[in-house]
Structures are given as structure tokens and as C-alpha cells.
Novice: 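Pasting a structure below so you can have a look.
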Amino acid sequence: MRAPFSTRYMGSRPVDEVFDAAASGVHYSALRLEELNINGSMSGEEQPTTSGLENGHQEPFVIGVAGGASSGKSTVCKMIIDQLRDQRVVVVTQESFYYGFSDEELVHVHDYNFDHPDAFDTELLLYCMENLKHGKAVDIPNYNFKTYKSVTSARKVNPSDVIILEGILVFHDSRLRDLMNMKIFVDTDADARLTRRIRRDTIEKGRDIKTVLDQYSKFVKPAFEDFILPTKKYADIIIPRGGDNDVAIDLIVQHIRTKLGQHDLCKVHPNLYVIQTTYQIRGMHTIIRDAATTTHDFIFYADRLIRLVVEHGLGHLPFKEKQVITPTGSVYTGVEFSKRLCGISVIRSGESMENALRACCKGIKIGKILIHREGDNGKQLIYHNLPKDIANRHVLLLDPILGTGNSAVQAISLLLKKGVQEANIIFLNLISAPQGVHVVSKRFPRVKIVTSEIDFGLNDDFRVIPGMGEFGDRYFGTDDYQSSTPFFFDEKNRVRLL
Ligand SMILES: O=P(O)(O)OC[C@H]1O[C@H](OP(=O)(O)OP(=O)(O)O)[C@H](O)[C@@H]1O
Ligand SMILES: O=c1cc[nH]c(=O)[nH]1
């Protein structure tokens, strides 16, 4: 239903206010990274804990791009699309959802506030976005700016890997916000927005400057302050200077690419679980991947990430329903953790994950496997010490890197030989290369792989790219280079010391 015409009128303000800076004067760096809470730890008798992080990989990645009129939102969208050229991207603009005018209403069109939330058919927009998010094609209306009429079912939009919803008020309705995986606010200062508006409306729309300034002071500026600016607080990323900010757009595209890489791999391998990324997780990865990070910091941040992966992995264990009586005498119906577990670490890097597992599962038995690297691509099993009753246990296999997958195949083959059920193995790691995921999943489709990031691939030395170098050397302090050692990347993207 179209909202009452009158609710979309607003009081006018004098033209001389037009040139007041609407920007609050608050300075933002290129990206405001939202800090998200990560689950803490728990303990208990060999008790795994569940993680709040979900593996929501089946749906398209929805990006909301909001900001004042003429702030450069469509330029930002275009730059994102251009850089994501190998992905299927669809753009939905909020402007398509303007209510059309009846002939009687057209008489008052100059008193109409096009920057008010009620100017849009938000219910229809929500319906379309929900359908696209669930993989269904939709018909998007077409609003004609010259005739002020709306044609329903004007454009068929097919579901896509990435959906960008762009418009001045796309963050206004919480139901729309909830559909978005990433929210970007284009934060261009008021003078720049007004200058662009004057240029666009006088040159492209043939309007005179007085009409443009009148509309700005009467509707555009107040609506920006009352409705658009207050939605900035919902943004995950704020881009100052809009499309001129190449650095911010590069970072956004890189982040989307990472998400989409994981997304595709998860579609192909239903046994792969990538913990849902947050800027906290990206921040920790940024530190451990940095060649200049000290051993001390590497251990600290690797440990934090390992803890998250362990918590997430434990969430895949079976459980039984259990009822307890609370101190209020009430019944709480909950679950009981599976008790028959063990950890198996692949020496030596996997040993770095033992403490996190012990911290979550008190008293857990931990066995070991040593696999020797023969050349770079061959692996040989050298030693193992496993719990005697391992065949009756769920096994959490610990190794922070899944590269070629050769070590994992050796380790899993041994576990199966010892009678462990394939479906009872959960392989926990921090970084997986797609090659390793394919190898392990093809050979052992029932083994669950839980990881925190999927990288691009392997280099000629079978090192994960971009990776983090030799995990064991960096964690246990046996790496050659220190943060002060100068290095460069050779033609094969390997770190070389000077
Ligand atoms: O998937 P892949 O190609 O087999 O590579 C992964 C293996 O490489 C690392 O161990 P590494 O041989 O570096 O030994 P370390 O843990 O003793 O440092 C890692 O801990 C894995 O075990
Ligand atoms: O990149 C790699 C590959 C295997 N093992 C590591 O530690 N790093």
C-alpha cells in the first residue's frame, strides 16, 4: 500500500542554510571496522562446547550501499562490480521502488519529498530482496523520473552470487538491514553532494538552479539529517569521499572475493565448514600472515584463532537431550555433550592446537602422529601414538595448515586403519588451500573439515598462497627471519631474505 501523500511532505528551510556543512566534523579513517563479539571458552569433563558461529554459505552475499543523494553510491557500486568482473553481481536500486504518482498527485509534485522513507514501497522492496536472498528470480518495478510513474514487473532479476542494494535509505528499515552481509555508507561531505546535484540536475535534467536549491533546502538537506545520516551507525564500513577512495574499495573487493571463494568451495564440498568471518578474525589473520610479526605476537593471535576453530569444531559433535533442575526448581531441557572424544595432533604444528582443545575439553586424551615430508609433495608416516580405544571415539584431528592435503590423507588413512569411523573425524585447521580441501573431500567425503580461512592456492613449492609461511617454524620460533630482517617477494611470490 502506498503511504499517505501528506506524510511525505516536510517543512522548508531557507536557502542560505544550504551551504552549511552537513557533515558532523567527525573524522573517520578509511574503514571503520566493526568489532564483533566472539564466543568465549567453557570447560568441563571432556566436554565440548558449541560455537555461536554458523556456516551460512548457501545464500548470496548481500551488500547494502547507503549515503546521501549524490554522495557517489552508484560510482562505488560500479567500481565494486568492475573489480568483481568474474562474479555474477546484480544491483537493485531503491529508486526503482518509488511510489508512482496518480494524475491528481502530479499537480503537487514540487511539494513532494522524494528523500523521505515513505516515498518508497519498502514492503515490495523487502519482498524482492527476500526472494533474491533465497535464490528466486524477481520482477523489479521501473520508476520513470520524467513521468513520475511506476511500471510494475518491469525488469526480471535473476538470483546471483552478489546482490548490491543501493539507495539513500536502504539502512532505514531493520528488516532490510538484516538481509545484508555487508553494509557500506558512502560519506561524502555536504558541499560535494550539493555541487554534484546542481551539476546533474541542471545539465542532465535541464532544471534551473533556483529549483534545485529550493528542493535541496526544503527536502534533501533536512531528510539527510533526519533520516539518512542517523543510519550511518549501522554501517560496517564507512567510505569517505565515495568513489575517489580507491583504497577502501580495494579492501572491500578483497573481502568480498574471500567470502565468495569460500562460498563456492562450500557449495561443492558440503563437508567443509568455514567459520563465519568477522573483522576480528580478519584482523587476527592479518597479524599472523604478516612476515614482520614477532614470534610472540604470532603465538598470541594464532592461539586466539585456534580457540575459535576448536570451539566451532566441537559444535559438530553429536549430543543427547538432557534435563536438569535449576536452583529455582524449574526444569531446563538442554543437551549433554558427547563424552567419547579424543584429539590427535599432527607433529609438530598440530601440537600448537592441543592447549585450546584441552581448555575446552578437560581431561581429553590426545594422541600424536608424525608425518615426514619427502621432497615437497610426498609424505611418509613415521610415528604414531593413539588412544587404544580410538575406534570408539570421535576424533578431532589437529593440524593448522591444509596445503596439498598429503599430510591429512596420511593421518586420516591411519585413523581409518585403526577402526575410526570416517564420519567420526573432524579435521580442524586454520588455513586451507582449495587443493587440499578437494583432495581430502574426494578421498574422505564424510570427514568434516573445519577451517577459519580458505586461501587462493599453492605456489610451486607447495606452500599455501598467500598463506603465512611455515606455521611450525613461526609458532615454535625456528624461522630464519625476524621482524627486523629485510625481505622481498621473488617472482614466484616466495619470501626471500636480503
Ligand atoms: O597439506 P600438506 O601439503 O601436507 O601440508 C600441510 C602440512 O605442512 C605442515 O607441516 P610441516 O611439514 O611444515 O611440518 P611442521 O609442522 O613440523 O613444521 C602442516 O602442519 C601440515 O602438517
Ligand atoms: O604453506 C604451508 C604449507 C604447508 N605447511 C605450512 O606450514 N605452510
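In this text the structure is predicted, and so the values were computed from the model without any measurement. First listed ligand is number 1; within each ligand, the first listed atom is number 1.
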Novice: Can you name the atoms of ligand 1, numbered from 1 with element, that are less than 4.0 Å from a heavy atom of Arg348?
Specialist: 15 (P), 16 (O), 17 (O), 18 (O)
Novice: Output the set of protein residues with a heavy-atom contact under 4.0 Å to ligand 2, ordered first by chain identifier and then by residue number.
Specialist: Arg373, Ile401, Phe462, Arg463, Val464, Gly469, Glu470, Phe471
Novice: Under 4.0 Å, counting heavy atoms only: does Ala408 come that close to any atom of ligand 1?
Specialist: no
Novice: Would you say the rings of His285 and Tyr301 are close, in the sense that their centroids are separated by under 6.0 Å?
Specialist: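 Centroid distance Tyr301-His285: not below 6.0 Å, so no.
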Novice: Counting only nitrogen or oxygen atoms and a 3.5 angstrom limit, does Leu402 reach ligand 1?
Specialist: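 It does not: no N or O of Leu402 is found under 3.5 Å from an N or O of ligand 1.
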Novice: Ion pair present between Lys368 and Glu354, side-chain N to carboxylate O less than 4.0 angstrom?
Specialist: yes
Novice: Give the intermediate values and the outcome of side-chain hydrogen bond (donor to acceptor under 3.5 Å, both in side chains) for residues Thr478 and Arg348.
Specialist: CA-CA 12 Å; Thr478 49; Arg348 105 192 122 143; 3.2 Å; yes
Novice: Test your reading of the model: is there a side-chain donor-acceptor pair from Lys362 to the backbone of Ala359, 3.5 Å cut-off?
Specialist: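 The answer is no, because no donor-acceptor pair under 3.5 Å joins these two groups.
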Novice: Taking salt bridge (charged side-chain N to carboxylate O under 4.0 Å, His left out) as the test, write out the residues that go with Asp250, two or more places apart.
Specialist: none
Novice: Please compare Gly436, Ser349, Gly350 and report which has the shortest non-hydrogen distance to atom 16 (O) of ligand 1.
Specialist: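 Residue with the shortest heavy-atom distance to the ligand atom: Ser349.
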Novice: Could you tell me, atom by atom, which parts of ligand 1 come under 4.0 Å of a heavy atom of Glu470?
Specialist: 13 (O)
Novice: What do you reckon, does Gly403 have a nitrogen or oxygen under 3.5 Å from a nitrogen or oxygen of ligand 1?
Specialist: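 Gly403 vs ligand 1: N/O contact under 3.5 Å present.
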Novice: Can you confirm whether or not the ring centre of Tyr273 sits under 6.0 Å from the ring centre of Phe427?
Specialist: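 They do not qualify: ring centres at least 6.0 Å apart.
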Novice: Taking only Lys NZ, Arg NE, NH1 and NH2, and the carboxylate oxygens of Asp or Glu, determine whether Asp389 and Arg340 approach each other closer than 4.0 Å.
Specialist: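 Between Arg340 and Asp389 there is a salt bridge, with a charged N closer than 4.0 Å to a carboxylate O.
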Novice: Mark up the atoms of ligand 1 that fall under 4.0 Å of a heavy atom belonging to Thr404, in ascending order.
Specialist: 1 (O), 2 (P), 3 (O), 4 (O)
Novice: Within a distance under 4.0 Å of any heavy atom of Gly472, pick out the atoms of ligand 1 and give their elements.
Specialist: 18 (O)
Novice: Is the positively charged end of Arg177 above the ring of Tyr234, judged by distance under 6.0 angstrom from the centroid and angle within 45° of the axis?
Specialist: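 Yes, cation above the ring, under 6.0 Å and within 45°.
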Novice: Can you tell me which portion of Asp399 lies within the under-4.0 Å heavy-atom range of ligand 1? Options are side chain, backbone, both, or neither.
Specialist: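 Under 4.0 Å from ligand 1, Asp399 contributes side-chain atoms alone.
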Novice: Between Glu95 and Lys73, is there a side-chain N and carboxylate O pair less than 4.0 Å apart?
Specialist: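 No, this pair does not count.
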Novice: Hey, are Lys232 and Asp187 close enough for a salt bridge, meaning a charged N less than 4.0 Å from a carboxylate O?
Specialist: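 Yes, Lys232 and Asp187 are salt-bridged.
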